[in-house]
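Here the structure is a predicted model, which is why all the values come from computation and not from measurement. Both backbone and side-chain heavy atoms feed into the values below; hydrogens, waters and symmetry mates do not. Letters A, B, ... mirror the listed sequences (proteins, then strands); counts begin at 1.
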Amino acid sequence: MKERIFVENINVGYLEKEIILYGFIESIRKLGSLTFFYLRDGTGKVQAFFNKENLDEKTYNTVEKLRVENIVRMKGILKERPKDQQLRITKGEYEIEGSQLTLLVQGDVPPFEIEKLDSINESIRDKYRYFALRNEKIHNKIVFRSKITQYIREYFYSKDYLEIETPYLIKSTPEGARDFIVPSRNFKGKFYALAQSPQLLKQLLMGSGFEKYFQIARCFRDEDLRSDRQPEFTQLDMERAFIEKDEIFEEIESMFSYIFKRLDLKLELPFERMTYDDALEKYASDKPDLRNPLLIENYNIHFKNIEVNFIQDKLRNNENIRGICTNKLFSRSQIKKIEGLLKKQGSSGLLTLSKDNDEFNFTLGKFVDEKFYESFSLNNNETIFFQVGKNNENILNFLRHYLGEQLGSSKEDFRFLWVVDFPLFEEDGSGGYKASHHPFTSPIDIPAFMGKEEFSHIPSKAYDLVLNGSELASGSIRINDLAVQKKVFDVLGMNEELQNNRFGFFLDAMKFGLPPHGGIALGIARIAAMLLGDTSIKDFIAFPKTTSGACPLTNSPSNVSRDQLDDLGLEIGRKNGN
RNA sequence: GGGGGCGUAGUUCAACUGGUUAGAGCACCUGCCUGUCACGCAGGAAGUCGCGAGUUCGAAUCUCGUCGCUCCCGCCA
């Protein structure tokens, strides 16, 4: 008995020979006694046809019964197709004249047409996800992601890293994201949490002498979703002992270089670097998209002497006048539209200054003189968009993006960027502090930090890797000194008891000594999505959740039985719905 | 928690200011068809207008509530 061959392996060597294929039926065309279709297997598509005249009755009856998405085995002779007939499917230059057909499975009529998946409603696609995944485009995204994972493993193994698993059922530590909690049967009334990341455990591994660790780890965070965020997601998690951040940057750059090489893509090294402060100042974002060349500038000094009350009030109130200069003139209605969009983002208004045929046009034109205009050294056909405000980065960021799109900034390149020196803490809005990365991040200047009483702007050794405006990775050099760690916990408002309660095991480990260490974690689905130019990660996950965190395919979350609850010593108290 | 968009046949959409029996493409079913590849032609079946109230002589359409999908803000150490 002859062996099956895969569509991708079809080649001239099989011409005029009998081959056996397995797969799914797509796009049937019946023309009397001729029946054409595409046969699709896991590797591609090829056209096949059956001619009634040359078939035995049994095969003919099977061909007559054939429906789209049926699962078959077929035997036939491989033929070359005339040049003018070839199609852009995987093996367009070939076709198979079938002689035998076995209908392995004839399922129900499909819930939608696979080829039209792009326009099918998300809820339908998700409910029949296994079916949607037959679509070539999504199928290939899952394949692509698998390749990325493979290359990452290849890279780290080649560099002598150990892949070590850490538990998913761990102790709940309510810092950071909300935990998914898991009740314990043996310890009734107590709970595990699903790991938000392997953070503390990988740090402990550093203390165990595993100096080069990596893991492709699932992370669970019970927070609201976005198109680039799922409640469970996979990270490449890595950590090394005796290392500083430049070495981590080099390692990750070298890893991407390897991935790009395997994908036959070009990549320039090293990646650009920018401090967090610069990123906010020039791009109003801690993850700037460098494909957009527009920069934000501070124009306070130009407005210092103009006689407009609301401007002076705002400047006295420590608000800033920041703006973006573009080499284009905008119509009144375009500007009105932009102002409307900005207001939706929370802006209180929009000022513009432009120069057309040496004539200046400024929103507050009647309140300013020549000196004001001269201070800008504006060229003809340029327009500056101003925003007045404080902590209005989201508005400026929106404006920069919008103007970038209007001016047609490139969508093609891969612009990697390290954003460094994130602040150690952020104000939490109620007089306290919260960790801006996580509480295990080392300050840059430890002695200075240990002496401080005020913690607003302490630069830390935390860094992000940004690609085209999307955060791909986040990491830091960690604290490995007990006193420093305890002081961070203090600043976060945790008293001694709480520290021991939540992180006692970790503080103990520190007492016995953790080497200096640091690492980083990269979102795998995001990498795959970004490399293909997608903003949503959903298609890179075989069975994703909806934006409410539900799974329409399996209908989770769902109720559990009385018995299950009894086993766990649980009772449903307050609840919404049924 | 807040804001925007959406929900009508298996599916994608239409149905004006409320007004006869809610339409169309694709898919599906039947028949014809030897080079199709968005095959073509003829015919057919197919609907709890997301769900629940309300207004009205009359609701897919208006009002209120509710559920779901999606995008964004908050949130995501």
Side-chain angles (χ1 to χ4, degrees), chain A residues 26-38 45-54 64 67-69 79 81-82 84-89 92 95 97 108-128 131-132 173-179 195-197 199-200 219-231 233 341 344-346 394-395 397-398 401 422 424-426 428-429 433-441 460 462 471 474 476 488-489 492 494 502-503 521 523 535-536 538 544-550 552 555 576-578:
Chain A
E26 202 171 298
S27 182
I28 300 172
R29 282 95 54 193
K30 284 194 174 160
L31 291 84
S33 50
L34 276 186
T35 298
F36 295 90
F37 56 84
Y38 299 136
K45 280 185 217 181
V46 65
Q47 172 162 280
F49 73 97
F50 284 82
N51 187 343
K52 178 183 178 182
E53 321 258 299
N54 308 333
E64 280 297 290
R67 297 293 176 269
V68 164
E69 293 305 323
K79 309 254 184 190
R81 299 185 60 191
D84 60 335
Q85 269 193 4
Q86 297 180 10
L87 274 189
R88 270 176 297 152
I89 57 172
E95 66 183 349
E97 176 164 10
D108 285 357
V109 172
F112 50 82
E113 292 158 74
I114 291 280
E115 299 92 325
K116 295 187 180 163
L117 188 73
D118 282 349
S119 61
I120 302 294
N121 217 306
E122 206 84 20
S123 27
I124 312 269
R125 295 158 67 143
D126 287 353
K127 183 170 178 195
Y128 303 101
F131 187 73
T173 55
E175 267 64 45
R178 206 174 284 117
D179 280 326
Q196 292 181 29
S197 85
Q199 186 59 36
L200 288 175
C219 303
F220 305 86
R221 295 178 192 175
D222 188 6
E223 295 294 345
D224 286 348
L225 275 59
R226 286 285 188 286
S227 54
D228 64 349
R229 251 163 46 190
Q230 283 273 315
F233 61 98
L341 292 169
K344 273 193 178 165
Q345 301 292 315
N394 57 334
I395 300 166
N397 186 31
F398 175 86
H401 270 273
F422 274 75
L424 194 54
F425 301 108
E426 288 163 21
D428 69 358
Y433 294 97
K434 57 181 192 173
S436 74
H437 181 56
H438 60 53
F440 315 105
T441 301
S460 78
E471 180 195 312
S474 194
S476 63
V488 168
F489 286 152
L492 295 176
M494 270 188 264
R502 289 182 189 169
F503 298 108
T535 48
S536 172
K538 219 171 156 184
K545 305 266 190 298
T546 67
T547 41
S548 62
N555 254 322
N576 299 315
N578 49 1

Watson-Crick or G-U wobble partner for B:G7, using a 3.5 Å limit on both distances? B:C67

C1'-based separation of B:A60 from B:G52 [nearest Å]: 16 Å

Taking atom P in both B:A59 and B:G54, what distance in whole Å separates the two? 12 Å

Write down the distance between CG (A:Asp224) and C1' (B:C69), rounded to a whole number of angstrom. 15 Å

Under a 4.0 Å threshold between the charged nitrogen and the carboxylate oxygen, would A:Glu223 count as salt-bridged to A:Arg178? yes

Pick the closest RNA chain B nucleotide for A:Arg221 and for A:Gly549 by heavy atoms, then say which residue is nearer the 5' end. A:Gly549

Verify the contact: side-chain N or O of A:Lys538 to OP1 or OP2 of B:U70, cut-off strictly under 4.0 Å; return yes or no. yes

For A:Glu113, enumerate each residue passing the side chain to side chain donor-acceptor pair (under 3.5 Å) test, keeping only those at least two apart in sequence or located in another chain. A:Lys116

Whole Å only: how far is the CZ atom of A:Arg178 from the C1' atom of B:G1? 10 Å

Partner of B:C62 by Watson-Crick or G-U wobble geometry, both contacts under 3.5 Å, or none? B:G54

Is there a donor and acceptor pair closer than 3.5 Å between the side chain of A:Arg229 and the base of B:C75? yes

Close N or O pairs between protein and nucleotides 41-47 of chain B (under 3.5 Å):
none

Spacing of the P atoms in B:U66 and B:G3 (rounded, Å): 12 Å

Inter-nucleotide P distance (B:U30, B:C37), Å rounded: 22 Å

Mind checking who B:A15 pairs with, Watson-Crick or G-U wobble, both distances under 3.5 Å? none

May I ask you to evaluate whether A:Ser27 reaches the phosphate of B:C39, defined as a side-chain N or O under 4.0 Å from OP1 or OP2? yes

Examine distances only and state if a side-chain atom of A:Arg125 and a backbone atom of A:Leu117 form a donor-acceptor pair shorter than 3.5 Å. yes

Considering just the side-chain nitrogens and oxygens of A:Arg67, establish if one lies under 4.0 Å of OP1 or OP2 belonging to B:C29. yes

Between A:Leu87 (CG) and B:C39 (C1'), how many Å, whole number? 12 Å

A:Thr546 meets the side chain to side chain contact (heavy atoms under 4.5 Å, CB included) criterion, sequence neighbours left out, with A:Asp126, A:Ser548, A:Ala550, A:Pro552

Whole-Å distance, A:Glu115 CD to B:G25 C1', equals 15 Å

Flag if over 12 foreign heavy atoms under 6.0 Å of OH, A:Tyr433: yes

B:G40 - base-pair partner by Watson-Crick or wobble geometry, distances under 3.5 Å: B:C32

State the CD-OG1 distance between A:Gln199 and A:Thr441, to the nearest 0.5 angstrom. 7.5 Å

Please work out if A:Phe37 contacts a base, only the sugar-phosphate, or nothing of the nucleic acid, heavy-atom cut-off 4.0 Å. nothing

Using only side-chain N and O atoms of A:Ser548, determine if any of them is under 4.0 Å from OP1 or OP2 of B:C69. yes

Heavy-atom donor-acceptor pair, A:Gln196 side chain to A:Ala177 backbone, under 3.5 Å: yes

Measure the acute angle between the ring planes of A:Phe112 and A:Phe131, then classify it against the limits of 30° and 60° as parallel, tilted or perpendicular. perpendicular

A:Asn51: partners by side chain to side chain donor-acceptor pair (under 3.5 Å), with sequence neighbours left out: none

Using atom C1' of each nucleotide, how far apart are B:G68 and B:C29 to the nearest Å? 32 Å

So A:Gln199, base contact, sugar-phosphate only, or nothing? Heavy-atom distance under 4.0 Å. base

Just the rounded figure in Å: distance from C1' of B:C76 to CG of A:Leu225. 10 Å

dist A:Tyr128:OH -> A:Ile114:CD1 (nearest 0.5 Å) comes out at 12.5 Å

Under 3.5 Å donor-acceptor, A:Ser460 side chain and A:Phe422 backbone: yes

How many angstroms lie between CG in A:Asn555 and NZ in A:Lys127, if you round to the nearest 0.5 Å? 8.5 Å

Could you tell me the separation between the NZ atom of A:Lys434 and the P atom of B:G74, rounded to a whole number of Å? 10 Å

B:G4 versus B:A42 - spacing of their C1' atoms, nearest Å: 47 Å

Work out how far the P atom of B:C33 is from that of B:G19, and round it to whole angstrom. 47 Å

Protein-nucleotides 7-12 of chain B N/O pairs under 3.5 Å:
residue	atom	partner	partner atom	Å
B:G10	O2'	A:Pro111	O	2.5
B:U12	OP1	A:Asn121	N	2.6

Let me know the distance between CG of A:Asn394 and C1' of B:G3, rounded to the nearest Å. 14 Å

Measure from the side-chain heavy atoms of A:Glu223 and tell me the nearest of B:U70, B:U30, B:C75. B:C75

Does B:C73 have OP1 or OP2 sitting under 4.0 Å from an N or O in the side chain of A:Arg226? yes

Which atoms of nucleotides 33-35 of chain B (N or O only) lie under 3.5 Å from a protein N or O atom, and what are those distances?
residue	atom	partner	partner atom	Å
B:C33	N3	A:Lys30	O	3.3
B:C33	N3	A:Gly32	N	3.1
B:U34	OP2	A:Ser33	N	3.4
B:U34	O4	A:Glu53	OE1	3.0
B:G35	O2'	A:Gln85	NE2	3.3
B:G35	N1	A:Glu95	OE2	3.0
B:G35	N2	A:Gln85	OE1	3.2
B:G35	N2	A:Glu95	OE1	2.6
B:G35	N2	A:Glu95	OE2	2.9

Tell me the interatomic distance from A:Gln196, atom CD, to B:C75, atom C1', rounded to whole angstroms. 12 Å

Does A:Lys30, at its NZ atom, have more than 12 non-hydrogen atoms belonging to other residues, nucleotides or ligands within less than 6.0 Å? yes

Out of curiosity, A:Lys538 NZ to A:Leu225 CG, how far, rounded to the nearest 0.5 Å? 9.0 Å

Taking atom P in both B:C64 and B:A46, what distance in whole Å separates the two? 36 Å

Who pairs with B:U21 - Watson-Crick or G-U, where each distance is under 3.5 Å: none

Between A:Thr547 and B:U70, is there a side-chain N or O to OP1/OP2 distance below 4.0 Å? yes

A:Arg29 to A:Tyr38 six-membered ring, cation-pi geometry met (6.0 Å, 45°): yes

